[in-house]
Amino acid sequence: MSTGKRIVLRSSENETFEVEEAVAVMSQTIKRMIEDDTSADTSIPIPKVTSKILAKVIEYCKKHVETPESEELKSFDADFVKVDKQALFDLIIAANYLTIKSLLDLTCQTAADMIKGMTGEEIRKFFNISSPTPEEEEENRRENAWAFD
Amino acid sequence: MSTTVDWSELPPELLHTISTKLTILLDYVRFRSVCFNWRFSAPKTPTHLPCQLPWLMLPKSRTQNTHRRGFYSLSDNKVYFLNLPEVSNRRRRCGSSHGWLVILDETPAVFLLNPLTRSKVHLPPLSKFPNVTGFNFYDVGREYSLRTPNGDFYTCSLKEMRDSFIKKLILSKSPRDESDYMAVAILNQTGDLAYCRKGEDCWRFIEDAQSYCEDVIYYKGLFYAVNKFGAIAVCDIRGTLPKVSYIDTPRQIGGDMQYLVNYSDEVLLVTRYLELEFDVDHYQLDIIYNTTEFQVFRLNLNGPKWEIMTSLNDKVLFVGENSSLALCASDFPGCEGNRIYYTDDYSEWNYDGVNGDHDLGVYNIEDGSIEALPCYPRNSYSGRRWPPPIWVTPNPC
């Protein structure tokens, strides 16, 4: 339907994805790469993002290009982030690397929502983070004793 | 093929972004306690947090002789303890604004204290009010000399000044760091409003706002003051001299106390109705105050007039000795919309001979019912304790 130019993106696993330019330039990083790249018809390498995650990012960008701000888009976003913690982590990294602000906000908000109401210990368990040293614990307690009583 | 990701190794700027999506102070503090990288990525003093749900600062513990003070959190249904030697027994609070308590003592000093950070900021002392002509520490019992509006002189003791000079003091914003805050004090005896701004060394009267002394709020750069009939004096104290304009609404009849609340983009009038019970027991007359009702009005500038509101929808109001506050209940667990959370709000010198429970609770606008605050259940009378509870917004900055 659209007559926009098509861009080819190459994941870290060397798999290629063809997308419309309008979708690709939702990523400020890709936009800059297109503007800088004087040679035509080469695919754009995205070495830091796997195929699985790149496919998800493309799905996000496509939907956001096609759909105006609406309940439908909100609903899409809510479902989009229903992924496991590992995928969420990868999406945050990818959204940052590709400079897609709305996706970064969405994924970071999701991470924040996950930890709301959790104690420090619960957060560590949830994300498999090792405990702080006794010195660090002591400093936490000292700074905000009321929260750790 | 999948490698386990390490959330502690997220780049600091991304951890920081996540931390800025947390809106509750406790969540933010816990975030910083997870591990070194998380702590490093989020500043000790967050600047993005919206206004928090107030805590109820509880009276001093009767049994323990300690500086620890309890703060009840509605959200967590729990009491948090802060170590506050600065609010010792002989000190009185006459306000709670943007998370700072206003502390008075048996000295002329007036200072602001943030209970969370224990930061202190001094305001000009009591001896620097326009109607205070002198202060002599050695004139025991008559340390302050004051002048009435018609030129007479009288004296006040340290205690009397502490307890009855200032009714309430409110701030335009938190006085942290370099912010240029303004303060307005409501004087009890004469109904005067006095103000000072950051860096000034004395208080000045807002002459044309005298008698608008029921309540004052800061709203859009100006101070709105209300009198007992609901009329408003709008005070602009940003310039060399104060400028006052008036919103003359039809006289509100009835009601014992008035509050103003800044509610989204509107000004609300909250009228509190009290009933007095007289209890004669053991040859002593006790007066017991009890709130029976609240009415809420929104200001319609076409008129102007106050229009009664039958519902606040999702909003909750917090009134009492604190600077009146309106928040959205859905932003905070443990809080129900369409309610007024209120505390005791009488000049403390009325407390001699007053018994019964503290007059505090939760008023439901929809059906006019009153519920006890969870930390003060009904029928568990533990005696009126000093000082009465007050709402304080936990504010890390």
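Numbered from 1 within each chain, the chains take letters A, B, ... in sequence-line order. Bear in mind the structure is a predicted one, so any value in this text is a computation, not a measurement.
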A.B. asks: Is it the backbone or the side chain of A:Gln109 that comes under 4.5 Å from a heavy atom of chain B, or both, or neither?
C.D. replies: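 For A:Gln109, heavy atoms of backbone and side chain both lie under 4.5 Å from chain B.
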A.B. asks: Count the heavy-atom pairs under 4.5 Å between each of A:Glu121, A:Glu122, A:Met118, A:Lys52 and chain B, then report the option with the highest count.
C.D. replies: A:Met118
A.B. asks: Could you look at A:Ile92 and say if it's the side chain, the backbone, both or neither that has a heavy atom under 4.5 Å from chain B?
C.D. replies: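 Both parts, backbone and side chain.
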A.B. asks: Thinking salt bridges, do A:Glu15 and A:Arg10 make one under a 4.0 Å N-O criterion?
C.D. replies: no
A.B. asks: In terms of side-chain geometry, is the basic nitrogen of B:Arg32 or A:Glu143 positioned less than 4.0 Å from the acidic oxygen of its partner?
C.D. replies: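 Between A:Glu143 and B:Arg32 there is a salt bridge, with a charged N closer than 4.0 Å to a carboxylate O.
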A.B. asks: Are any of the side-chain heavy atoms of B:Leu15 and B:Trp7 separated by less than 4.5 Å?
C.D. replies: no
A.B. asks: For B:Pro11, which atoms come within 4.5 Å of any heavy atom of chain A: side chain, backbone, both, or neither?
C.D. replies: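 Only the side chain of B:Pro11 comes within 4.5 Å of chain A.
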A.B. asks: Give the ring-plane orientation class for B:Trp391 versus B:Tyr341, where under 30° counts as parallel, over 60° as perpendicular and anything between as tilted.
C.D. replies: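 Perpendicular.
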A.B. asks: If you tally heavy-atom pairs under 4.5 Å against chain B, which of A:Ala147, A:Ala95, A:Gly117, A:Ala145 wins?
C.D. replies: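 Heavy-atom pair counts peak at A:Gly117.
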A.B. asks: Specify which of B:Leu14, B:Thr17, B:Asn83, B:Thr20 makes the most heavy-atom pairs with chain A at under 4.5 Å.
C.D. replies: B:Leu14
A.B. asks: Would you kindly check if the NZ (Lys) or CZ (Arg) of B:Lys315 is within the cone defined by 45 degrees around the ring axis of B:Tyr263 and under 6.0 Å from the six-membered ring centre?
C.D. replies: yes
A.B. asks: Using a cut-off of under 4.5 Å on heavy-atom pairs, state which of B:Asp27, B:Asn37, B:Leu116 scores highest against chain A.
C.D. replies: B:Asp27
A.B. asks: Flag the one option from A:Thr107, A:Asn128, A:Ile93, A:Leu104 with the top tally of heavy-atom pairs under 4.5 Å to chain B.
C.D. replies: A:Ile93
A.B. asks: Using 4.0 Å as the upper bound for N to carboxylate O, is an ion pair formed by A:Glu21 and A:Lys5?
C.D. replies: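 Here A:Lys5 does not pair with A:Glu21 in a salt bridge, since their nearest N and O are not under 4.0 Å apart.
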A.B. asks: Heavy atoms only, distances under 4.5 angstrom: which of B:Ser33, B:Ser75, B:Cys35 has the most pairs with chain A? Name it, please.
C.D. replies: B:Ser33
A.B. asks: B:Ile24 versus chain A, heavy atoms under 4.5 Å apart: side chain, backbone, both or neither?
C.D. replies: neither
A.B. asks: Quick one: do B:Tyr28 and B:Ser19 satisfy side-chain contact (heavy atoms from CB on, under 4.5 Å)? Show the steps, please.
C.D. replies: CA-CA 7 Å; B:Tyr28 186 85; B:Ser19 79; 4.0 Å; yes
A.B. asks: Is it the backbone or the side chain of A:Asp113 that comes under 4.5 Å from a heavy atom of chain B, or both, or neither?
C.D. replies: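 Nothing of A:Asp113, per the 4.5 Å heavy-atom cut-off to chain B.
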A.B. asks: In terms of heavy-atom pairs under 4.5 Å, which option from B:Phe71, B:Phe31, B:Trp38 contacts chain A the most?
C.D. replies: B:Trp38
A.B. asks: If you apply the rule side-chain contact (heavy atoms from CB on, under 4.5 Å), what do you find for B:Leu84 with B:Arg118, and how did you get there?
C.D. replies: CA-CA 8 Å; B:Leu84 293 176; B:Arg118 285 177 68 187; 3.8 Å; yes
A.B. asks: What option among B:Lys44, B:Glu9, B:Glu13, B:Lys21 has the most heavy-atom pairs under 4.5 Å with chain A?
C.D. replies: B:Lys21
A.B. asks: Return yes if a side-chain donor-acceptor contact under 3.5 Å exists between A:Asn140 and B:Arg39, otherwise no.
C.D. replies: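 The answer is yes; a qualifying pair exists.
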